[in-house]
Amino acid sequence: MSDLDLLAPGARVLVTGAGITGRSVSAVLEPTGVRLTICDDDPLALQRLITPASVVTVAEAQASIADYDLVVTSPGFPPTAPVLAAAADAGVPIWGDVELAWRLDSSGRFGPPRKWLIVTGTNGKTTTTSMLHAMLVAAGQRAVLCGNIGNPVIDVLAEPSDVLAVELSSFQLHWAPSVRPEAGAVLNVAEDHLDWHGSMAAYAGDKARVLQGRVAVVGLDDPVAAGLLDTAAAPVKVGFRLGEPAAGELGVVDGMLVDNAFGERVPLADTASIPVAGPVGVLDALAAAALARAVGVPPAPIADALAGFQVGSHRAEIIGVYDGVTYVDDSKATNPHAAQASIAAYPRVVWIAGGLLKGASVDDLVATVANRLVGAVLIGRDRAQIADALSRHAPDVPVVEPVTGEDFGVHGKDETGVTGEAVMTAVIEAASGLARPGDTVLLAPAGASFDQFSGYGHRGDAFAAAVRALSG
């Protein structure tokens with residue numbers, strides 16, 4: 001059966017996962033006339049479906065996997081998931097929702113195919129993609145923000161647009177082998193999600209899939225990302241760096257973002273106009289500008305978009321300044337690489353850290369930022385690992401653990417009734433005691449939040465509420 005036949009009326013398609021992605025995939029596939037089956041082991045998820053499709057358990061789907069012509073999987077399913085491993089063994093093609101969206105868009109089913117501009121990386125994806133979208137809109141292009149930010153790509157295909165600004169994770173890219181964007185950027189690659197991918201090489205390889213289109217863009221200051229450029233299939237290769245750009249690069253000259261790839265040392269914007277603090281904000285802006293320039297956006301809209309850009313919630317978001325101390329919510333810094341970039345933006349930091357480290361080491365992080373730390377307030381299940389690293393690499397930094405013995409589930413409350421909000425109240429009290437005027441109290445946890453909160457947003461909201469209570 002050809003690729004086009006896989007979506008022909010009567011084709012048997014299995015959708016794994018009945019959550020947000022599964023519902024979006026089902027809604028798109030139902031009008032095509034395929035014979036649709038959805039599997040999930042969550043009875044409530046299956047009950048929420050409004051669809052004529054058959055519903056089965058994952059085990060039932062696995063047992064009859066050879067009966068299907070195609071599997072469309074949600075990105076949370078790793079390649080080792082038994083149902084997907086069975087499909088691979090049976091020779092059944094496996095697509096992710098992004099692969100499905102790409103094929104539908106390329107086929108012309110939703111009008112002329114769009115230009116896809118894809119952003120991926122371990123950290124900075126959302127800010128970069130948002131900046132890119134703002135640049136495209138400022139240039140008068142019909143652009144839609146989608147992927148891991150906004151709506152899934154498959155949900156926006158019916159919207160009138162010419163360009164898609166797409167944020168994609170390594171999970172999504174793993175299941176999207178055919179995607180060939182107009183331009184794709186790999187911002188950086190650090191250890192993360194290795195339990196899903198199996199190895200650092202596999203993780204980096206999935207990120208590199210965005211470099212197979214017309215223009216490949218990579219962060220040259222990140223050694224792993226930079227190493228992907230030589231083997232990129234794209235005919236146009238572009239790098240970006242914090243220093244002065246060579247030919248084929250974007251960089252910084254005398255406080256200006258400069259394009260030396262799509263023009264000859266073209267000034268784009270003043271770095272002082274970038275509202276994201278520190279080197280990470282400059283790098284995100286450079287990456288977004290590179291993708292925008294790849295589709296012909298002039299310098300003026302790039303400068304205008306950056307000057308008016310607003311930082312997203314929980315991404316280096318300034319909550320307030322109290323008694324001369326600035327309080328910043330970067331709850332989205334859920335791995336050591338992101339936390340390091342966040343801390344590097346401020347000269348004196350009271351660091352709020354902890355959570356679930358997912359097997360990552362924090363020694364390099366602490367050693368690198370030790371000279372910026374004036375105090376640390378630790379929370380969460382893996383706080384002892386951070387405390388040990390601080391004792392080795394920053395022994396003079398005072399460390400406070402305001403709440404001990406907690407073991408929160410996803411509802412943010414333990415059996416004693418203590419909530420995540422109560423933890424943050426104690427954290428801010430401790431952090432305020434360590435901070436002096438001119439310091440920054442920074443929530444950049446370096447770990448996931450699910451030991452104490454329902455997500456990084458819940459954690460950031462609790463931090464912000466506790467900070468704002470200082471004014472009362």
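Annotation: side chain of D69 is not in contact with side chain of V92 (no heavy-atom distance under 4.5 Å). Using a 4.5 Å heavy-atom threshold, the side chains of V295 and L117 count as touching. Considering only heavy atoms from C-beta on, D40 stays 4.5 Å or farther from I38 through its side chain. For the pair S342 and L442, the minimum side-chain heavy-atom distance is below 4.5 Å. Residues L157 and L104 have side chains in contact (heavy-atom distance under 4.5 Å, counting atoms from C-beta outward). Within the 4.5 Å cutoff, side-chain heavy atoms of H337 are placed close to those of D222. In this structure the side chain of V328 never reaches within 4.5 angstrom of the side chain of V441, judged on heavy atoms. H458 is not listed as a side-chain neighbour of S449, based on a closest heavy-atom distance of 4.5 Å or more.
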Note to self: I'd like to know whether H314 forms a side chain to side chain contact (heavy atoms under 4.5 Å, CB included) with L443, so could you lay out the CA-CA distance, the side-chain angles of the two residues, the decisive distance to 0.1 Å, and finally the verdict.
What the structure shows: CA-CA 9 Å; H314 316 304; L443 174 65; over 6 Å; no
Note to self: Applying side chain to side chain donor-acceptor pair (under 3.5 Å) to R35 and Y68, what does each step give before you reach the verdict?
What the structure shows: CA-CA 9 Å; R35 293 163 55 191; Y68 298 101; over 6 Å; no
Note to self: Between D67 and S64, is the side chain to side chain contact (heavy atoms under 4.5 Å, CB included) condition met? List the steps.
What the structure shows: CA-CA 6 Å; D67 293 340; S64 59; 3.5 Å; yes
Check: Going through the checks in order, is the side chain to side chain contact (heavy atoms under 4.5 Å, CB included) test met by T334 and N123?
Finding: CA-CA 9 Å; T334 57; N123 300 300; 5.8 Å; no
Notebook entry, point to check: What do the steps show when you test L168 against K125 for side chain to side chain contact (heavy atoms under 4.5 Å, CB included), and what is the final call?
Noted result: CA-CA 8 Å; L168 294 183; K125 296 186 292 296; over 6 Å; no
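Side-chain contact, T21 with S74: no donor N or O sits under 3.5 Å from an acceptor N or O. In this structure, a donor-acceptor pair under 3.5 Å is present between the side chains of S331 and R459. Of the N and O atoms on the side chains of Q172 and D97, not one donor lies less than 3.5 Å from an acceptor on the other residue. Using a 3.5 Å distance cut-off with no hydrogens or angles, the side chains of Q141 and H133 do not pair a donor with an acceptor. No side-chain donor-acceptor contact under 3.5 Å links T37 and R12.
A donor-acceptor pair is defined here as one N or O able to donate and one able to accept, closer than 3.5 Å; such a pair exists between the side chain of K237 and the backbone of A232. Using modelled atom types, no side-chain atom of E99 and backbone atom of G96 make a donor-acceptor pair closer than 3.5 Å. A donor-acceptor contact shorter than 3.5 Å links the side chain of R209 to the backbone of L173. Not a single donor-acceptor pair under 3.5 Å links the side chain of W116 to the backbone N or O of V163.
Distance CZ/F240 to CG/L291: 8.5 Å, rounded to 0.5 Å. Remark: I94 CD1 to L84 CG distance equals 5.0 Å, nearest 0.5 Å. Atom-to-atom distance recorded for S24:OG and I154:CD1 is 7.0 Å, nearest 0.5 angstrom.
Between W175 and W95, the ring centre distance reaches or exceeds 6.0 Å.
Of all the heavy atoms in V311 and R315, the pair that sits closest is CG1-O, 2.6 Å. The heavy-atom pair separating T122 from A190 by the smallest distance is OG1-N, 2.8 Å. Closest heavy-atom contact between Q62 and V83: OE1-N, 3.9 Å. Across L268 and A289, no two heavy atoms sit closer than the pair CD1-CB, 4.0 Å. Heavy-atom minimum distance, N188 versus A225: CA-CB, 4.0 Å. Residues L250 and A261 come closest through the heavy atom pair CD1-CB, 3.9 Å.
Here D41 pairs with nothing under the salt bridge (Lys or Arg N to Asp or Glu O under 4.0 Å) rule; sequence neighbours left out. Every residue meeting the salt bridge (Lys or Arg N to Asp or Glu O under 4.0 Å) condition with R142, not counting sequence neighbours, appears here in chain and number order: D162. The salt bridge (Lys or Arg N to Asp or Glu O under 4.0 Å) search around R114 returns D105, not counting sequence neighbours.
Around the CG atom of D221, the shell of radius 6.0 Å holds more than 12 heavy atoms that belong to other residues, nucleotides or ligands.
Taking the six-membered ring for Trp and thresholds of 30 and 60 degrees, F463 and Y327 have ring planes inclined between 30 and 60 degrees apart.
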